[in-house]
Protein chains: 2
Amino acid sequence: MTIKPEIQLDQFGLRSTGSRIAVLAAFQNAGYALSQGDIEQTLSSQFDRVTIYRTLKSFLASGLLHKVLDDQGSIKYALCQDMCHQDTHQHDHVHFKCTQCGQTTCLETVHIPQIILPENFIKQESNLLIQGVCRGCNS
Amino acid sequence: MTIKPEIQLDQFGLRSTGSRIAVLAAFQNAGYALSQGDIEQTLSSQFDRVTIYRTLKSFLASGLLHKVLDDQGSIKYALCQDMCHQDTHQHDHVHFKCTQCGQTTCLETVHIPQIILPENFIKQESNLLIQGVCRGCNS
DNA sequence: CTGTGTGCAAACACTTTGCAGGTGT
DNA sequence: ACACCTGCAAAGTGTTTGCACACAG
């Protein structure tokens with residue numbers, strides 16, 4: 001189920017403003033990762049481009065969104081899930097980008113296996129992007 | 001050991017020109033992933049910025065380089081290794097980006113484990129970027 | 001000689017910054 | 001009331017395209 005944007009914003013210590021509610025709702029509706037450009041289109045320029053950049057930045061900082069890597073270099077964002085709260089995050093899931101529909105989704109159920117690094121390397125964070133054909137396009 | 005740029009270019013069906021030799025040599029010397037900007041700096045603007053973009057593009061197309069993801073969205077490139085030839089590629093190794101020195105290296109010896117995707121997802125390619133502290137900086 | 005690569009100029013796309021005015025709490 | 005958010009303008013950065021000339025094979 002989907003939490004009402006105003007409430008979720010409040011939970012993350014963010015003020016409820018028009019643009020924030022709209023951007024958050026866009027993520028909730030999409031269900032997949034969005035870039036700044038995607039959001040601008042979705043909201044059909046209701047809000048200034050700059051505002052969206054700043055909104056994304058504050059969402060990232062507050063822990064409402066996490067970054068999703070892309071093979072084209074365009075950074076995308078996705079909603080953090082239940083295991084994530086303002087401070088504790090849980091992001092070891094796999095991201096899947098479909099080469100047909102272009103959508104990048106979080107596969108919450110698929111986790112990044114533990115990787116053994118060579119001596120003296122310290123791991124802090126990891127990102128796994130798998131590309132291929134998604135369920136919807138594979139028919 | 002390092003192959004002479006002219007010979008390697010020829011092996012991949014590319015003409016030997018000044019910029020291509022210089023760019024390829026830059027990758028050989030660096031030993032880690034470079035972005036367009038890194039190359040421009042390394043070659044201290046000996047060549048036009050546009051030429052470098054086009055050189056990278058042709059290297060990618062011919063299979064001499066492969067893309068390396070970055071958490072900032074700036075795409076980097078790294079030399080393909082021995083297992084790679086014009087047609088057959090082998091890129092299931094891990095990329096490691098050091099948060100201190102900023103270098104992204106290919107950990108050729110660390111492979112991406114097999115991931116089991118949900119029903120009906122077809123995997124074509126995968127990219128694993130691990131961030132942390134590298135051997136050199138961890139002292 | 002021929003087709004491909006290069007340099008320059010310009011266009012295009014993406015992101016950030018400064019500032020004045022508006023808004024949530 | 002106050003701090004924070006927004007919109008606009010502008011600058012900064014990264015990447016692509018068109019065209020004339022140069023060069024590798």
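Every chain is numbered from 1, with letters handed out A, B, ... down the list of sequences.
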Here the gap from D38(B) atom CG to Y32(B) atom OH, rounded to the nearest 0.5 Å, amounts to 7.0 Å

d(T104(B) OG1, L69(B) CG) to nearest 0.5 Å is 10.0 Å

Separation of dT15(D) atom C1' from I39(B) atom CD1, nearest Å, is 14 Å

Please determine which of T55(A), T51(A), L64(A), L65(A) meets the side-chain contact (heavy atoms from CB on, under 4.5 Å) test together with V23(A).
T55(A)

Near-ring test F96(A)/F121(B), centroid separation under 6.0 angstrom
yes

Is it true that a side-chain atom of T99(A) and a backbone atom of G132(A) form a donor plus acceptor pair closer than 3.5 Å?
yes

Over 60° means perpendicular and under 30° means parallel, so classify the ring planes of H66(B) and H95(B), tilted if in between.
parallel

Would you check if the side chain of K67(B) reaches a backbone N or O of D71(A) as a donor-acceptor pair within less than 3.5 Å?
yes

Nearest-Å distance, CD (E6(B)) to C1' (dG25(D))?
15 Å

note: K57(B), atom NZ; dG5(C), atom C1'; distance rounded to Å ~ 14 Å

Between C1' on dT15(D) and CD on E40(B), what's the gap in Å once rounded to a whole number?
12 Å

N or O in side chain of Y53(A) less than 4.0 angstrom from dT15(C) OP1/OP2
yes

Categorize S16(B) for me: base, sugar-phosphate, or nothing, with a 4.0 angstrom heavy-atom threshold over every strand shown.
sugar-phosphate

Distance in Å, K97(B) NZ paired with N127(A) CG, rounded so as to fall on 0.5 Å steps
11.0 Å

Report for the helix from dC1(C)-dG25(D) to dT25(C)-dA1(D): angle between first-end and last-end helix axes, five pairs each, rounded to 10 degrees.
40°

Which parts of nucleotides 4-12 of chain D does protein reach within less than 4.0 Å, heavy atoms only, written one letter per nucleotide 5' to 3' as B for base, S for sugar-phosphate only and - for none?
BSBBBB---

